[in-house]
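Here the structure is a predicted model, which is why all the values come from computation and not from measurement.
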Amino acid sequence: MTMPDSDDLEEKLLSEVGDLMSREIRTVAADATLREASGLMGKCNVGSLLVVGGGQYLGILTDTDLARKGLAQGVNPEKDRVQSLMSSPIISIDIHRLVEEARALMKGKGIRHLAVTEEGKIVGIISLGDLIRYYAATFKMTE
């Protein structure tokens with residue numbers, strides 16, 4: 001087995017968040033039920049939704065929020081609202097920051113999703129899954 005060429009590896013390690021993020025931002029209304037939010041996550045195959053209200057982003061709701069803050073605490077998914085479980089403020093990273101910085105921020109904050117901003121505006125989402133796929137491809141051993 002051999003490692004990738006060192007120049008190629010160095011170039012990959014300098015990748016920016018914008019190279020990995022999803023530009024498709026999935027949202028849910030703050031007053032939607034947790035059942036509606038969960039259904040939307042399943043339908044879209046995503047682990048987070050940005051929460052909107054009053055024409056702006058208010059927070060983020062993740063599958064972890066639903067499990068740890070929701071079901072584990074006995075909320076009623078038919079009646080309780082997204083705003084009761086969402087995390088706020090939204091933690092974000094600039095589109096031009098390095099992927100490694102995103103990893104460190106996620107680890108430091110204990111989160112798995114970051115909003116990606118460009119000139120202060122949210123333009124995408126990057127998840128722990130995106131980082132795992134990136135690192136797996138970057139450090140893939142070749143025979």
Side-chain angles (χ1 to χ4, degrees), residues 3-142:
M3 288 293 291
D5 179 270
S6 63
D7 289 338
D8 185 45
L9 184 58
E10 184 175 336
E11 184 177 315
K12 286 182 180 181
L13 290 176
L14 295 177
S15 294
E16 295 181 350
V17 168
D19 297 333
L20 274 69
M21 72 176 199
S22 170
R23 286 195 177 269
E24 193 164 4
I25 301 171
R26 304 290 185 163
T27 62
V28 65
D31 62 354
T33 66
L34 295 173
R35 170 81 64 213
E36 291 168 329
S38 177
L40 183 57
M41 281 184 195
K43 178 182 172 189
C44 298
N45 195 31
V46 296
S48 68
L49 301 167
L50 289 184
V51 181
V52 293
Q56 62 184 355
Y57 294 118
L58 303 176
I60 187 169
L61 181 73
T62 69
D63 48 6
T64 302
D65 293 330
L66 288 171
R68 292 187 185 161
K69 288 195 245 177
L71 296 177
Q73 301 297 323
V75 299
N76 182 336
E78 303 295 337
K79 293 183 180 178
D80 289 319
R81 304 294 168 180
V82 166
Q83 61 199 8
S84 69
L85 289 187
M86 72 179 188
S87 298
S88 183
I90 299 169
I91 300 171
S92 64
I93 190 165
D94 185 81
I95 193 169
H96 299 294
R97 304 307 296 194
L98 297 179
V99 171
E100 176 57 23
E101 293 175 88
R103 184 208 59 78
L105 181 56
M106 285 182 194
K107 182 179 179 185
K109 298 284 186 180
I111 59 175
R112 300 184 311 153
H113 300 86
L114 290 172
V116 180
T117 59
E118 186 170 31
E119 297 179 11
K121 180 182 175 200
I122 296 176
V123 294
I125 298 287
I126 189 166
S127 71
L128 181 60
D130 296 326
L131 297 182
I132 290 169
R133 284 186 291 280
Y134 166 77
Y135 284 116
T138 300
F139 293 106
K140 184 176 181 179
M141 303 293 268
T142 58

Measure the shortest side-chain to side-chain distance between [X] and [Y] over non-hydrogen atoms and say whether it is less than 4.5 angstrom.
X: Glu101; Y: Val17; answer: no
X: Ile125; Y: Ser48; answer: yes
X: Met41; Y: Leu61; answer: yes
X: His96; Y: Glu118; answer: yes
X: His113; Y: Thr64; answer: no
X: Gln83; Y: Leu58; answer: no
X: Ile122; Y: Ser92; answer: no

Before you tell me yes or no, could you show the steps for Tyr57 and Val51 under side chain to side chain contact (heavy atoms under 4.5 Å, CB included), namely the whole-Å CA-CA distance, both residues' side-chain angles and the distance that decides it to 0.1 Å? CA-CA 6 Å; Tyr57 294 118; Val51 181; over 6 Å; no
With rounding to the nearest 0.5 angstrom, report the [atom1] to [atom2] distance, [X] to [Y].
X: Ile111; Y: Ile91; atom1: CD1; atom2: CD1; answer: 4.0 Å
X: Leu66; Y: Arg35; atom1: CG; atom2: CZ; answer: 10.5 Å
X: Met21; Y: Glu16; atom1: CE; atom2: CD; answer: 10.5 Å
X: Met106; Y: Asp130; atom1: CE; atom2: CG; answer: 7.5 Å
X: Leu49; Y: Met86; atom1: CG; atom2: CE; answer: 13.0 Å

Using side chain to side chain contact (heavy atoms under 4.5 Å, CB included), reason through Glu100 and Tyr135 one step at a time and then give a plain yes or no. CA-CA 10 Å; Glu100 176 57 23; Tyr135 284 116; 2.7 Å; yes
Donor-acceptor contact below 3.5 Å, side chain Thr33 vs main chain Glu78: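 Flag not set: sc Thr33 to bb Glu78 has no pair under 3.5 Å.
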Does CG in Asn45 sit with more than 12 non-hydrogen atoms of other residues, nucleotides or ligands closer than 6.0 Å? no
Nearest non-hydrogen partners of [X] and [Y], listed with the distance:
X: Gly59; Y: Ser88; answer: CA-CB, 4.3 Å
X: Leu114; Y: Ala102; answer: CD1-O, 3.8 Å
X: Val75; Y: Lys69; answer: CG1-O, 4.2 Å

Would you say the side-chain atoms of Arg112 and Thr62 include a donor-acceptor pair closer than 3.5 Å?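 Side chains of Arg112 and Thr62: no pair found under 3.5 Å.
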Would you mind telling me which of Leu34, Val82, Ile60 makes a side chain to side chain contact (heavy atoms under 4.5 Å, CB included) with Val28? Val82
Go through it in stages, so that I can follow the logic: the residues are Tyr134 and Asp19, the test is side chain to side chain contact (heavy atoms under 4.5 Å, CB included), and I'd like the CA-CA distance, side-chain angles, deciding distance and then a yes or no. CA-CA 10 Å; Tyr134 166 77; Asp19 297 333; over 6 Å; no
